[in-house]
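Below is one structure, written out as structure tokens; the observations come after it.
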Amino acid sequence: MKLTTKGRYAVSAMADLAAIDDGKPVALSDIAARQGISLSYLEQLFAKLRRAGLVNSARGAGGGYTLTGAPSTIRVADIVEAVDEQIRTTACVTGSAVGCQGTTARCLTHDLWDELGRQIEIFLNAVTLEDILKKRVLGMAAVNAPTTREGATMSMRARQIEAAE
């Protein structure tokens, strides 16, 4: 699985915009400086974000970008999708006659990687800009984590030890 800089930078810039949001447009040059992202690269990303309806733009002195909705309504998955970022966890293309191995066959671990892709999609759809700003992201993945008999999250090593007993 590879999430490129396009998706990561778009999410970082949108989180920055949400953090600064006071109803006034924010200049991309300010976001670029705070996030250490090239201004020309941000301009390309924000053109896509604007076309996707996630940001509004204002021209002229005091111009810049504002969010089209509250941070609680903007999902990370929407941002990643808006900048044409595809998160692929398998080598094959969905719906293609060619499988992971370049033939019609799929690799032995295809279902594992395919399910990982689904879990990533579910996770990114569950996280909003507000979650990022309020630091509620850490631990969200534990919702589906394997648990012990007592209900606590169990590490892989603990599961191995329990299985050996």
Side-chain angles (χ1 to χ4, degrees), residues 1-96 100 110-147 152-156:
M1 194 273 316
K2 182 177 181 182
L3 179 62
T4 66
T5 55
K6 190 187 302 185
R8 288 188 2 246
Y9 284 175
V11 172
S12 294
M14 288 288 285
D16 184 285
L17 181 58
I20 301 300
D21 191 18
D22 61 359
K24 298 176 188 168
V26 177
L28 284 186
S29 57
D30 294 341
I31 296 172
R34 284 190 297 269
Q35 296 301 315
I37 303 171
S38 156
L39 177 58
S40 62
Y41 197 53
L42 270 185
E43 288 169 345
Q44 294 171 32
L45 293 177
F46 269 75
K48 291 180 178 190
L49 293 166
R50 186 180 49 75
R51 282 193 297 273
L54 296 174
V55 294
N56 289 318
S57 62
R59 295 179 183 239
Y65 288 86
T66 56
L67 298 175
T68 58
S72 62
T73 66
I74 300 174
R75 299 174 303 163
V76 171
D78 296 332
I79 299 167
V80 172
E81 184 180 317
V83 295
D84 300 327
E85 184 68 38
Q86 292 184 1
I87 299 173
R88 292 188 51 204
T89 53
T90 60
C92 57
V93 178
T94 304
S96 173
C100 307
H110 175 87
D111 292 340
L112 169 71
W113 304 124
D114 193 41
E115 185 60 26
L116 174 62
R118 285 189 184 96
Q119 291 297 321
I120 293 169
E121 186 177 329
I122 289 167
F123 180 72
L124 295 181
N125 271 296
V127 178
T128 65
L129 288 176
E130 181 178 75
D131 294 327
I132 293 170
L133 296 177
K134 295 198 174 192
K135 302 192 184 305
R136 295 189 299 227
V137 177
L138 192 60
M140 287 180 73
V143 171
N144 293 323
T147 58
T153 300
M154 182 187 270
S155 71
M156 181 186 291

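Under a 3.5 Å cut-off, the side chain of Ser72 and the backbone N or O of Glu130 do not form any donor-acceptor pair.
The nearest pair of heavy atoms linking Leu133 to Ala19 is CD2-CB, 3.6 Å. Listed here is the closest heavy atom pair of Asp131 and Ala126: OD2-O, 3.4 Å. Across all non-hydrogen atoms, the minimal contact from Ala18 to Leu129 is CB-CD1, 4.1 Å. Across Gly63 and Pro25, no two heavy atoms sit closer than the pair C-CB, 3.7 Å.
For the atom pair Met14 CE and Leu54 CG, the distance stands at 5.0 Å (nearest 0.5 Å). We find the CG-CD1 distance between Leu67 and Ile74 to be 4.5 Å, quoted to the nearest 0.5 Å. Distance check: Ser40 OG to Leu45 CG gives 9.5 Å after rounding to the nearest 0.5 Å. Distance CG/Leu39 to CZ/Phe46: 10.5 Å, rounded to 0.5 Å. Put simply, OG on Ser38 and CD on Gln44 are 7.5 Å apart, with the number rounded to the nearest 0.5 Å. From Ile79, atom CD1 reaches atom CD1 of Ile132 across 6.5 Å, with rounding to the nearest 0.5 Å.
Evaluation of the side chain to side chain donor-acceptor pair (under 3.5 Å) rule for Gln35 yields Asp16 as partners, not counting sequence neighbours.
Looking at Thr5 and Tyr41, their side chains come closer than 4.5 Å, going by heavy atoms from C-beta outward. Residues Ser57 and Tyr65 form a side-chain contact, since some pair of their non-hydrogen atoms from C-beta on lies under 4.5 Å apart.
Here the rule is side-chain contact (heavy atoms from CB on, under 4.5 Å) with Val26, and of Ile20, Asp21, Thr66, Val55 only Ile20 fits it.
Note on Glu121 versus Arg118: no salt bridge recorded, every NZ/NE/NH1/NH2 to OD/OE distance being 4.0 Å or above.
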TODO: Run the numbers on Val83 and Leu49 for side-chain contact (heavy atoms from CB on, under 4.5 Å), then give the verdict.
DONE: CA-CA 7 Å; Val83 295; Leu49 293 166; 4.2 Å; yes
